[in-house]
Amino acid sequence: MSIISWILIGLIMGAIARAVLPGRAGGGWVITLVIGVVGALLGGWLAGALFGVETNDSFFDLATWLWAFIGALLVLVIWGAISGRKKP
């Protein structure tokens with residue numbers, strides 16, 4: 001996959017992760033993009049390192065999207081802890 005694919009997946013998964021987690025996280029769409037891309041990379045690395053899953057096979061591979069979402073959730077939780085996310 002190309003870097004543009006990872007950016008697109010990261011944007012989508014970052015936005016979905018923000019919608020799933022309760023509370024208000026700081027930052028706008030740029031932070032969402034960064035969180036999503038970092039999360040997608042982290043999720044892909046975790047999938048490969050822990051379970052031997054190859055997430056770079058195809059853009060439409062379910063494992064790629066699932067692990068990108070898991071990684072985005074992890075990064076968003078860490079971002080919320082660092083930035084002092086407040087509940088509504």
Side-chain angles (χ1 to χ4, degrees):
M1 287 192 332
S2 69
I3 190 70
I4 295 172
S5 299
W6 280 109
I7 291 171
L8 181 61
I9 290 173
L11 177 62
I12 293 168
M13 290 297 110
I16 292 173
R18 267 197 152 167
V20 168
L21 286 177
R24 300 182 61 160
W29 282 102
V30 173
I31 297 299
T32 300
L33 175 65
V34 170
I35 287 172
V37 171
V38 170
L41 294 173
L42 175 67
W45 179 79
L46 285 174
L50 298 177
F51 302 108
V53 175
E54 181 59 46
T55 58
N56 286 328
D57 286 342
S58 172
F59 181 79
F60 294 106
D61 187 20
L62 182 61
T64 300
W65 289 83
L66 177 67
W67 283 102
F69 177 68
I70 291 169
L73 280 176
L74 287 173
V75 172
L76 191 58
V77 166
I78 293 168
W79 173 256
I82 291 172
S83 68
R85 182 177 62 186
K86 297 179 178 98
K87 296 193 178 194

Exercise for review: Would you mind reporting whether Leu46 and Leu74 have side-chain heavy atoms less than 4.5 Å apart?
Suggested key: yes
Practice item. Over all heavy atoms of both residues, which pair between Ala72 and Gly36 is shortest? Give the atoms and the distance, please. Key: CB-CA, 4.4 Å
Check your understanding: For the hydrophobic clusters of this structure (ILVMFWY residues joined by side-chain heavy atoms under 4.5 Å, transitively), does one cluster hold both Leu62 and Leu50?
Key -> no
Check your understanding: Tell me, do Trp67 and Trp45 make a side-chain contact under 4.5 Å, heavy atoms counted?
Key -> no
Check your understanding: What distance separates Ile35 CD1 from Leu73 CG, expressed to the nearest 0.5 Å?
Key -> 11.0 Å
**Study point:** Listed partners of Ile16 passing side chain to side chain contact (heavy atoms under 4.5 Å, CB included), at least two apart
**Key:** Ile12, Met13, Val20, Phe69
Review point. What is the minimum heavy-atom distance between Ala68 and Ile9, and which atoms define it?
Key: CB-CG2, 3.6 Å
**Study point:** Min side-chain heavy-atom separation Val34-Val38 under 4.5 Å
**Key:** yes
